[in-house]
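First up is the structure itself, then whatever we jot down about it.
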Protein chains: 2
Amino acid sequence: MPKKARSSRRREESLSRESIVEASIDLLDRSGEDGLTFRALSERLTTGPGAIYWHIANKSELLTAACDAIVARTIEATPSGVETKANIRDLALGLFDAIDEHPWVGSALAQAPGAMPMVRILERLGQQVSALGVKEQARWEAVGTLLSYILGVGGRNAANGQLARERNLDRSDFLEAVAAAWSQLDPNIYPFTRSIAGHVRDHDDRVDFLAGIDLILRGVGSSRKR
Amino acid sequence: MPKKARSSRRREESLSRESIVEASIDLLDRSGEDGLTFRALSERLTTGPGAIYWHIANKSELLTAACDAIVARTIEATPSGVETKANIRDLALGLFDAIDEHPWVGSALAQAPGAMPMVRILERLGQQVSALGVKEQARWEAVGTLLSYILGVGGRNAANGQLARERNLDRSDFLEAVAAAWSQLDPNIYPFTRSIAGHVRDHDDRVDFLAGIDLILRGVGSSRKR
DNA sequence: ACCTGAACACCGTTCAAGT
DNA sequence: ACCTGAACACCGTTCAAGT
């Protein structure tokens, strides 16, 4: 036996951008946005914090890369069929579910405008809206609105998840607390907010989200007829 | 003259929640999101960092309070007239401009779901949508969609402003850089994104934003007719 | 009641030194 | 080429001590 076993030479597997991103995702899923730390990460990878900087420029690039990995998988797992509106709905729902499962993705997405993860979403959305027969001029309007809406919902879901975690509640307990606070607002000043407090308590986020997508798609449709 | 001049006893004016919030806004406007620091703030107010904690629970409460002050002023400065859709447009544009002027408001808004600044927006939006004659059931759908859209655009604008600042560019130079990056994407994989790179370069954010509001309002309208 | 400021337990990032 | 880990320049927050 001329050499020692190859695998134990340095580390189980040597550091790579990919393994760093994978460990980051795990850390983020397990302990939320501020669970991602160069120290925690390097401990998990049995290195020093400096080693990570050989593969990744800085923390924001790391967060965006982790976000991009999730978004890429999500889009890949959402095939496009023949019915265009259904494709848009499926894409939107896929993203919604991904953010629900990884709340940090929602805020990472918002922090990296123009970067890869957003481009993937933009492209898919754009192709489908084009297939809808929307003309050049109105296309960006439709795609931009859908994108902003999806990011807006995603951002709020991310914040809900983060706040719930900070207060050691689950999501529904947190929404319950919001509803309770809203029902105690002055009815003369905040009649509407009070009136929907009940809805907040027992609504299905996912259903509401899809209703918004459909509402926007209706608007796109009615613009074509003008 | 029995006493020393009153004003020089302690400080020009004693510390208060209000003065702390005001100084925070100034700091945030001047140096962006991470310009708000308990040390910078206490230096500006000529106190120690601990003094601030007597008036405010923690940093996130401080950020939300600063955000709320801007939102409250903005809404107050946007009176409602008789034409409901115009009121919704005015409110949305007022918020857009406020976020444009204070980019940090966009991300502060997203970080405090269910809190006061969001409630103010929700309430105004809800009252107007109700006045539009939308029935109970569809009301939340319309309001929620508008709110998410506005927050989504606000969050992206905040991120654009923040990134531009970090790279010492102004907003349009930053968008220019995004457009340049997009035009170099592989045309086989990213045809749509490439095709709108030009639009990103010379569009007017404000016009696009309003187009989205109108698109959503069209969707609300067409749902009533079903 | 309100303020002071040192101290604590962290951060992200850098960089000389190692292999 | 890649990794190590101490060091730097910060953070938010707490708290004994002051007025």
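Letters A, B, ... are given to chains in the order of the sequence lines, protein chains preceding strands, and every chain is numbered from 1. Since this is a predicted model, take the numbers as computed values, not measurements.
- For B:F96 and B:F209, the ring centers are positioned less than 6.0 Å apart.
- Side-chain contact, A:T145 with A:S148: no donor N or O sits under 3.5 Å from an acceptor N or O.
- Looking at B:T64 and B:Q111, their side chains never bring a donor and an acceptor atom within 3.5 Å of each other.
- Place B:K59 and B:G50 on DNA chain D by their nearest nucleotides, and B:K59 ends up nearer the 5' end.
- The side chain of B:F38 approaches D:dG12 more closely than any other nucleotide in the set C:dT13, D:dG12, D:dC3.
- For the pair A:N58 CG and C:dT13 C1', the computed distance is 10 Å after rounding to whole Å.
- Summarising the geometry, the separation between CZ on A:R17 and C1' on D:dA1 is reported as 18 Å, rounded to the nearest angstrom.
- Among the nucleotides D:dT14, C:dA7, D:dA6, the one closest to the side chain of B:Y53 is D:dT14.
- Among the protein residues, A:L36 comes within range of the sugar-phosphate backbone only, with heavy atoms under 4.0 Å from sugar or phosphate atoms but none that close to a base.
- Residue contacts for B:T37: at a heavy-atom cut-off of 4.0 Å it reaches the sugar-phosphate backbone alone, with no base atom in range.
- Comparing C:dA6, C:dC3, D:dC3 by their closest approach to the side chain of A:A51 singles out D:dC3.
- Two residues are said to be in side-chain contact when any heavy atoms from C-beta on lie closer than 4.5 Å; A:R156 and B:L151 meet this criterion.
- With D:dG12, D:dC3, D:dG5 as the choices, the nucleotide that has an atom nearest any side-chain atom of A:H55 turns out to be D:dC3.
- The side chain of A:W54 lies closest to D:dC2 when the candidates are D:dT13, D:dC2, C:dA1.
- The interatomic distance linking B:D34 (CG) with D:dC10 (C1') rounds to 12 Å, in whole Å.
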